[in-house]
Amino acid sequence: MTESKRETERKYDAPSADDTSWLPELTGVAGIVAVVEQGTDELDAVYHDTEDLRLAGAAATLRRRRGGPDAGWHLKLPLSGDSREEVRAPLSETIPDTLRDLALSRTRGAELTPVVRIRSTRTTRHLVDSQGAVVAELTVDEVRAESLRGTTTLAAWTEMEVELADDADRALLDAVDKTLRKNGIDRAARPSKLIRALEETGVGGPRLPDARAEAVVPGSAGDDVLRYLDEQVHALVRLDPAVRRDVPDSVHKMRVTCRRLRSTLRSYRSVLDRAVTDPIRDDLKWLGGELGAERDQEVLMERLGARLEALPAELVLGPVAARLKAWNVANTDEARRRTLEALHTPRYLALLDSLAALTEQPPLRRKAARGPDKAMAKGIFKEYDRFAARVAHALELPPGPERDTALHEARKSAKKTRYATEPARASLGKPAKRLGKRVKAVQKVLGDHQDSVLARDVLRKLALAAHAAGEPGFTWGLLYGQEQGVARERERELPAAFADASKPSLRKGLAP
């Protein structure tokens with residue numbers, strides 16, 4: 001069993017733990033009316049990491065800590081700015097499987113072993129507002145660190161942390177920070193105790209490869225593409241724990257990240273060696289497909305549930321809501337199982353390894369060293385031409401299943417075109433951004449059309465099941481008819497939306 005907590009804190013170098021006369025008066029700062037002593041705790045933590053310190057390299061930590069009010073296993077994962085998420089599990093002798101799984105996208109399955117032991121004598125003070133609520137916690141730690149990797153160097157220092165309470169205003173941190181700095185208290189040079197302990201006990205920092213720095217020409221097409229790939233790989237790694245914990249919208253975001261990576265590797269083949277990237281694209285397609293079942297179920301249930309709820313009560317005949325709910329529960333459970341199974345497969349771990357290698361030791365082609373304008377524009381034009389051809393083909397077909405399929409293919413091409421503009425925005429600027437925005441509008445029309453196709457298929461199956469059970473089919477038919485109307489309306493909107501994304505000025509702006 002685990003619980004999680006969002007931490008927002010800042011660390012500072014502190015002169016001394018015994019004599020705190022250096023600590024400025026904080027009463028009166030940002031509504032703080034009292035600083036209340038809470039006593040002292042002895043904390044003893046053993047930090048675990050892989051042989052090559054993959055967790056530390058990803059700004060994550062895993063520790064087993066005794067002492068204090070929150071003794072147990074703690075996995076800390078970076079969020080934005082000064083925030084981190086801490087996932088806690090009860091104290092045990094071995095690493096809890098849940099935390100091991102949540103760290104998997106960063107460890108990539110490598111063994112976790114003890115790295116350093118950090119003992120702290122912690123003095124805690126509560127910063128209290130006029131309502132008597134604790135708005136922040138200030139701690140001063142006298143730290144002693146020792147390596148568990150064979151080095152004999154010991155390290156000791158004093159540091160201070162100011163951690164914001166859950167519902168407190170982030171501006172409080174800025175106000176306290178300003179007061180501390182005015183009194184000569186500087187922010188800590190290292191982001192965590194672990195990083196400082198690794199350095200000062202002789203274990204060393206995370207070993208990052210230098211092959212990339214030597215291979216990439218700054219400002220080149222390769223530089224633009226790799227910078228974008230870096231962002232997407234990091235996004236996938238960050239989303240993995242959220243998907244495992246069923247955080248809302250995390251499956252959708254991870255699936256989109258897979259698509260962005262696939263599209264970039266496809267659109268910029270002139271920059272990266274296909275012999276390396278094509279197998280990665282295949283694995284990303286597989287992962288996106290496994291995630292797709294859960295995401296598609298979410299979308300369909302939201303859509304059908306909203307349509308049913310909007311109907312007047314007199315038009316809902318039979319146990320329609322109950323049947324829809326039963327259908328959703330059965331399919332959601334199966335889709336969830338499929339997602340979690342995919343994240344535990346050797347294929348997924350191999351994909352994580354391949355993505356790490358892709359960004360750390362990129363398989364650049366000679367054209368990667370050239371300026372980005374021509375290579376990026378060419379990649380976008382290729383995707384756009386495919387997109388335009390598929391839209392034109394779909395519009396020539398009569399309404400029906402064949403046209404539905406063609407419109408779905410056009411939608412996928414629209415996504416690839418939009419994604420192709422994203423790595424190019426740094427070098428091509430507003431024209432790439434503008435084209436991406438216009439193509440997204442077409443994608444939205446096509447997406448709603450495809451959702452109506454999927455919804456009608458589900459409604460037909462539910463209607464058949466209701467009929468077999470002797471239930472009225474009126475409401476299912478009504479909902480089916482609504483979805484038909486949506487599809488026809490989107491087909492009428494498509495030509496104008498496509499024309500807006502086909503303006504000559506858009507292509508002219510991208511020409512190198």
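All residue numbers refer to positions in the sequence shown, counting from 1. Reckoned from all heavy atoms, side chains included, excluding hydrogens, waters and symmetry mates.
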Is it the case that [X] and [Y] place a side-chain donor and acceptor less than 3.5 Å from each other?
X    : Y    : answer
R63  : H74  : yes
D82  : T8   : no
S21  : D19  : yes
D283 : Y348 : no

Taking the side chain as every heavy atom from C-beta outward, state whether [X] and [Y] have any pair of such atoms under 4.5 Å apart.
X    : Y    : result
S105 : L236 : no
R269 : T277 : no
T50  : L55  : no
R106 : R238 : yes
K11  : R187 : no
T2   : L75  : no
I118 : V143 : yes
P24  : L180 : yes

Query - Shortest non-hydrogen contact from A275 toward P279 - result: O-CD, 3.5 Å

Report task. Check T27 against A34 and note the closest heavy-atom contact, atom names and distance. Result -> OG1-CA, 4.3 Å

Less than 4.0 Å between a side-chain N and a carboxylate O, is that true for [Y] and [X]?
X    : Y    : answer
R227 : D224 : yes
R6   : E85  : no
E294 : R338 : no
R122 : D141 : yes
R125 : E37  : yes
D448 : R303 : yes
E86  : R88  : yes
R10  : E163 : no
D174 : R170 : no
R190 : E200 : yes

Query raised in the report: side-chain hydrogen bond (donor to acceptor under 3.5 Å, both in side chains) between S16 and D18: does it pass, once the steps are laid out?
Result: CA-CA 6 Å; S16 168; D18 297 327; 5.0 Å; no

Separation of [Y] [atom2] from [X] [atom1] (nearest 0.5 Å):
X    : Y    : atom1 : atom2 : value
E9   : T139 : CD    : OG1   : 7.5 Å
Q38  : H126 : CD    : NE2   : 4.0 Å
I185 : D177 : CD1   : CG    : 11.0 Å
R281 : R262 : CZ    : CZ    : 5.5 Å
K430 : R425 : NZ    : CZ    : 13.5 Å
E199 : L194 : CD    : CG    : 9.5 Å

Indicate yes or no for a side-chain donor-acceptor contact from [X] to the backbone of [Y] under 3.5 Å, with no hydrogens or angles considered.
X    : Y    : answer
Y268 : A221 : no
T345 : A342 : yes
R144 : E142 : yes
R244 : L343 : yes
S4   : V87  : no
N331 : W327 : yes
S83  : L79  : no
S267 : T264 : no
D41  : L43  : no
S220 : V216 : no

Query raised in the report: Taking only residues two or more places apart in sequence or in another chain, which ones pass side chain to side chain contact (heavy atoms under 4.5 Å, CB included) with A368?
Result: V271, L364

Report summary line: Tested for side chain to side chain donor-acceptor pair (under 3.5 Å) against R260, the lone hit among E231, E422, Q232 is E422

Report task. Let me see the working for K193 and E161 under salt bridge (Lys or Arg N to Asp or Glu O under 4.0 Å), right down to the final yes or no. Result -> CA-CA 11 Å; K193 285 185 177 70; E161 297 177 3; 3.1 Å; yes

Name each donor-acceptor pair under 3.5 Å that joins a side chain in residues 108-115 to protein atoms two or more places apart or in another chain, with its distance.
from	atom 1	to	atom 2	distance (Å)
R108	NE	D353	OD1	2.7

**Report entry** Steps toward side-chain contact (heavy atoms from CB on, under 4.5 Å) verdict (T124, L138)
**Finding:** CA-CA 6 Å; T124 302; L138 185 152; over 6 Å; no

Query raised in the report: Is the CZ atom of R347 crowded by more than 12 outside heavy atoms at less than 6.0 Å?
Result: yes

Query - Atom NZ of K5 with >12 non-hydrogen neighbours under 6.0 angstrom - result: yes

Query - Criterion side-chain contact (heavy atoms from CB on, under 4.5 Å) on L62 and I95, from CA distance to verdict - result: CA-CA 9 Å; L62 174 64; I95 300 172; 4.0 Å; yes

Query raised in the report: Are I280 and L355 close enough, and set up right, to give a side-chain contact (heavy atoms from CB on, under 4.5 Å), and what steps lead you there?
Result: CA-CA 8 Å; I280 297 176; L355 290 172; 3.8 Å; yes

**Report entry** Pair listing, ring-ring contact (aromatic ring centres under 6.0 Å, His included) test, anchored in residues 25-66, at least two apart
**Finding:** H48-W73

Query raised in the report: So R119 and E42, side-chain contact (heavy atoms from CB on, under 4.5 Å) or not? Walk me through it.
Result: CA-CA 7 Å; R119 288 171 289 177; E42 295 295 333; over 6 Å; no

Query raised in the report: Do R418 and Q443 pass the side-chain hydrogen bond (donor to acceptor under 3.5 Å, both in side chains) test, and can you show the C-alpha distance, the side-chain angles, and the key distance before you say yes or no?
Result: CA-CA 9 Å; R418 178 165 69 91; Q443 177 192 322; 2.9 Å; yes

Query raised in the report: Given the rule in the salt bridge (Lys or Arg N to Asp or Glu O under 4.0 Å) test, do R65 and D44 qualify, once you have shown the distances and angles that lead to the verdict?
Result: CA-CA 5 Å; R65 189 166 80 181; D44 189 346; over 6 Å; no

Requested in this report: Identify which one of V203, V116, T201, L198 satisfies the side chain to side chain contact (heavy atoms under 4.5 Å, CB included) criterion when paired with R149.
Outcome: V203

